2 protein chains.
Amino acid sequence: MKKQEEKEHSECMGILRPIRDALDVLNGKWKLPIIVALTFGEKRFGEISREVNGVTDRMLSKELRDLELNGLVKRRVENTYPVKVTYSLTPHSESLKTVIAALRDWGLLHRQELLKECSEKDSIVESAS
Amino acid sequence: MKKQEEKEHSECMGILRPIRDALDVLNGKWKLPIIVALTFGEKRFGEISREVNGVTDRMLSKELRDLELNGLVKRRVENTYPVKVTYSLTPHSESLKTVIAALRDWGLLHRQELLKECSEKDSIVESAS
DNA sequence: CGGTATCCGATAGGATACTG
DNA sequence: CAGTATCCTATCGGATACCG
């Protein structure tokens, strides 16, 4: 039985790892907003900064580097003066769309569910009063 | 044109909110492991504690409360002595399975992609040496 | 058994100033 | 323009002790 439990555990880990990978790639306050901003076409640092409302240069810089390391964003530098840097989504980032759609759909469904629960609780409170 | 930009922004926010909701529900180091543990059937606090490797009582308690508030986990108390508390997944949590599957699939795909990029970089380094 | 209370270090992220 | 450096706060999560 010990063997069985260990097997169950390692199976869990194997299942969990790719899910964690995916969540980690999307996690953080600004990654999604940045990705969405870039879906409208390639943009320069300053443009993204203006379109993603509230992001600081520091965070934008950091998150863009993260996304680039994950192969979702391409950084291109033009050696003009001043330097012009443009960011764009990679082909690989296309594969994210299904995931994002799944998250969005569930997010909407979930909100409905919470409202439903809420109104059920309300009616219980009402009937108790 | 200002109007257009504002419209674009609010549309982004509308798209982003449910995605963030979904991500927030799954976020945290222990939520997924706990959910997976409970897919094998309803379990007691101590059982989950043992099966989810490395989690502390504090975190388990907190995350279970979070999951319950989000309507994904049901907490049932039996008034025996000592008290027996069992946790189980709700019907609503079933709807998560598609999302988790999407995340897992993409996580696996993404790992392949990173390996591919890596080997491409390697061959560039090799050809440069 | 099923937690809570307290403390602590690590990390995420914001504000501001500065640079090639 | 496209960032970096520095500092600061808040939240996350671990360790340990305790409780009904």
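Worth saying up front: this structure is predicted, and the values here are computed from it rather than measured. Per chain, numbering begins at 1; letters A, B, ... match sequence-line order. All values below come from the heavy atoms of this structure, side chains included, with hydrogens, waters and symmetry mates left out.
Residues B/Arg58 and B/Glu47 each lie close to DNA chain C; by heavy-atom proximity, the contact nearer the 5' end of the strand is made by B/Glu47. Along DNA chain C, the nucleotide nearest A/Trp30 and the nucleotide nearest B/Leu64 are compared for position; the residue whose nucleotide lies closer to the 5' end is B/Leu64.
Proximity of a side-chain donor or acceptor of B/Lys31 to a complementary backbone N or O of B/Asn27 within less than 3.5 Å is detected.
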Query raised in the report: Can B/Arg50 and B/Glu47 be said to form a salt bridge (Lys or Arg N to Asp or Glu O under 4.0 Å), step by step?
Result: CA-CA 5 Å; B/Arg50 263 170 270 120; B/Glu47 292 182 283; 5.6 Å; no

Requested in this report: Please report the C-alpha distance between B/Arg65 and B/Glu63 in whole Å, then the side-chain angles of each, then the deciding distance to 0.1 Å, and finally whether the salt bridge (Lys or Arg N to Asp or Glu O under 4.0 Å) criterion is met.
Outcome: CA-CA 5 Å; B/Arg65 216 177 307 131; B/Glu63 298 298 64; over 6 Å; no

Query raised in the report: Does the salt bridge (Lys or Arg N to Asp or Glu O under 4.0 Å) test come out yes or no for B/Lys43 and B/Glu51, once each step is laid out?
Result: CA-CA 10 Å; B/Lys43 298 223 166 75; B/Glu51 289 191 22; 3.4 Å; yes

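There is no side-chain donor-acceptor pair under 3.5 Å between B/Thr98 and A/Trp106. Between A/Asp21 and B/His110, the side chains place no donor N or O within less than 3.5 Å of an acceptor N or O (distance only, hydrogens not considered).
Tested against B/Tyr87, the residues B/Arg44, B/Arg75, B/Glu42 include a single side chain to side chain donor-acceptor pair (under 3.5 Å) partner, B/Arg75.
Where DNA chain C meets chain B (any atom under 4.0 Å from a heavy atom), the bounding nucleotides read 5' to 3' are C/dC1 to C/dT6. Running 5' to 3' along DNA chain D, contacts with non-hydrogen atoms of chain B at under 4.0 Å begin and end at D/dG13 to D/dA15.
Put simply, the side chain of B/Thr90 does not reach to within 4.5 Å of the side chain of B/Val73, judged on heavy atoms.
For the segment residues 69-83 of chain A, no residue has any heavy atom less than 4.0 angstrom from an atom of DNA chain C.
Across all strands, B/Gly54 comes closer than 4.0 Å to no nucleic acid atom at all (heavy-atom distances).
Here the OG1-CD1 distance, from B/Thr39 to B/Ile34, works out to 12.5 Å after rounding to the nearest 0.5 Å. Within the model, atoms CG of B/Leu23 and CG of A/Leu32 stand 6.0 Å from one another, a figure rounded to the nearest 0.5 Å.
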